[in-house]
Amino acid sequence: MAIEVEMVTVGAIAENCFLARAQGSEKLIVVDPGDEAERILAKAAEMGGEVEAVLLTHTHFDHVGAVAEVARATGAPVYCPEIEVPVLADINSYLLPGFGPFESYAADQTVGGGETLELAGLELDVIFTPGHSPGHVTYSVRDEAAIFSGDVLFQGSVGRTDLPGGDWETLLESIRTLVDSHPPETTVYPGHMGVTTLEAERATNPFLAELAR
């Protein structure tokens, strides 16, 4: 099985929304639709697939600003980290100054880590990766060496830990979990910046130096 992934970078904070499926599947998943729903829906139409589910790594506003509109347009259920369901349901109470308003949404399904989802021809393992936010999860594509890492790990950087519920040591352990449980060639589809691999980040990311200690 091979995976097909398209990235749409949206919103004022340049958040990466991903549309993915197994090659040949007529269904799609949408990961973290943060803003500009019309562009995300246009990409889904261009791919010629039906959106089967919307998956959220966490509920910071830049990752969920288009959730309600995408869900309404597609009829797809929204999978949200269980701990962060209240944030998605009242998103305008959790904004930074100068952003929003956005439309809140009541999650259809919850995840917390340990689940396996079968969607768009893919098997996705849900991994609990807190540290950037309290309920953050990563979606790992089984047998494909690919992860949707949200705001845990970036190209040359990592997620910030100065927002409510953030913690550096917790984030570092989450990154360690990903590194230890995936092969070096694993492709990282992050919430911001460019697509990378675990091997590249171990070699060049200054924030990962502590993993070697």
Side-chain angles (χ1 to χ4, degrees), residues 6-20 28-45 51-113 115 117 119 126-139 148-154 157-168 170-171 174 189-193:
E6 295 285 347
M7 183 172 79
V8 183
T9 302
V10 298
I13 307 181
E15 184 265 342
N16 296 331
C17 171
F18 294 98
L19 297 88
L28 298 166
I29 57 169
V30 174
V31 182
D32 288 354
D35 204 348
E36 301 183 77
E38 68 284 352
R39 291 184 56 218
I40 296 167
L41 294 169
K43 178 59 72 174
V51 178
E52 186 174 12
V54 175
L55 307 183
L56 305 180
T57 61
H58 65 300
T59 58
H60 287 160
F61 68 87
D62 56 318
H63 287 252
V64 303
V67 164
E69 192 171 346
V70 170
R72 187 164 50 244
T74 62
V78 175
Y79 290 71
C80 178
E82 184 173 11
I83 296 172
E84 301 189 18
V85 165
V87 179
L88 184 64
D90 187 21
I91 191 61
N92 291 313
S93 294
Y94 297 90
L95 301 180
L96 294 178
F99 295 96
F102 299 104
E103 185 177 351
S104 297
Y105 189 84
D108 302 292
Q109 303 285 343
T110 61
V111 290
E115 302 89 350
L117 309 177
L119 298 164
V126 184
I127 304 170
F128 185 48
T129 50
H132 173 68
S133 73
H136 196 296
V137 299
T138 293
Y139 297 96
F148 297 96
S149 65
D151 284 4
V152 170
L153 179 62
F154 303 135
S157 190
V158 296
R160 59 190 293 183
T161 58
D162 60 336
L163 298 172
D167 180 77
W168 168 247
T170 302
L171 180 67
S174 291
Y189 296 100
H192 302 273
M193 295 179 274

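Starting from 1, each residue takes its place in the sequence as its number. Hydrogens, waters and symmetry mates are skipped; everything else that's a heavy atom, side chains included, is used.
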Where Leu88 and Cys80 come nearest, the two heavy atoms and their spacing: CD2-SG, 4.0 Å
Main-chain N/O of Leu171 paired with His132 side-chain donor or acceptor, under 3.5 Å: no
Check: Glu15 side chain, Val10 main-chain N or O, donor-acceptor pair, under 3.5 Å: no
Closest heavy-atom pair and its distance - Val51, Ala76: O-CB, 3.5 Å
Interatomic spacing from CG in Leu163 to CG in Leu96 - rounded to 0.5 Å: 6.5 Å
His63 (side chain) donor-acceptor with Thr57 (main chain) under 3.5 angstrom: no
Sidechain-backbone polar pair: Tyr139 side chain, Leu56 backbone, donor-acceptor under 3.5 Å: yes
Side-chain donor or acceptor of Ser174 paired with backbone N/O of Thr170 under 3.5 Å: yes
Heavy atoms of other groups near Glu82 CD, more than 12 under 6.0 Å: no
Minimum heavy-atom distance between Phe154 and Gly191, given as atom pair plus value: CE2-N, 4.1 Å
Partner set under side chain to side chain donor-acceptor pair (under 3.5 Å) for Asn16, not counting sequence neighbours: Thr9
Over all atoms of both residues, closest heavy-atom pair of Val70 and Ala37: CG2-CB, 4.0 Å
Side chain Glu103, main chain Ala68, donor-acceptor under 3.5 Å: no
Closest heavy-atom pair and its distance - Pro190, Ser149: CA-OG, 3.5 Å
Nearest heavy-atom neighbours spanning Asp151 and His136: N-NE2, 3.0 Å
Side chain Thr138, main chain Ile127, donor-acceptor under 3.5 Å: no
Interatomic spacing from OH in Tyr105 to CD1 in Ile91 - rounded to 0.5 Å: 14.5 Å
Mutual orientation of the aromatic rings belonging to Tyr189 and Phe148 [parallel < 30°, tilted 30-60°, perpendicular > 60°]: parallel
Among Asp32, Leu117, Val30, the one residue meeting side-chain contact (heavy atoms from CB on, under 4.5 Å) with Leu55: Leu117
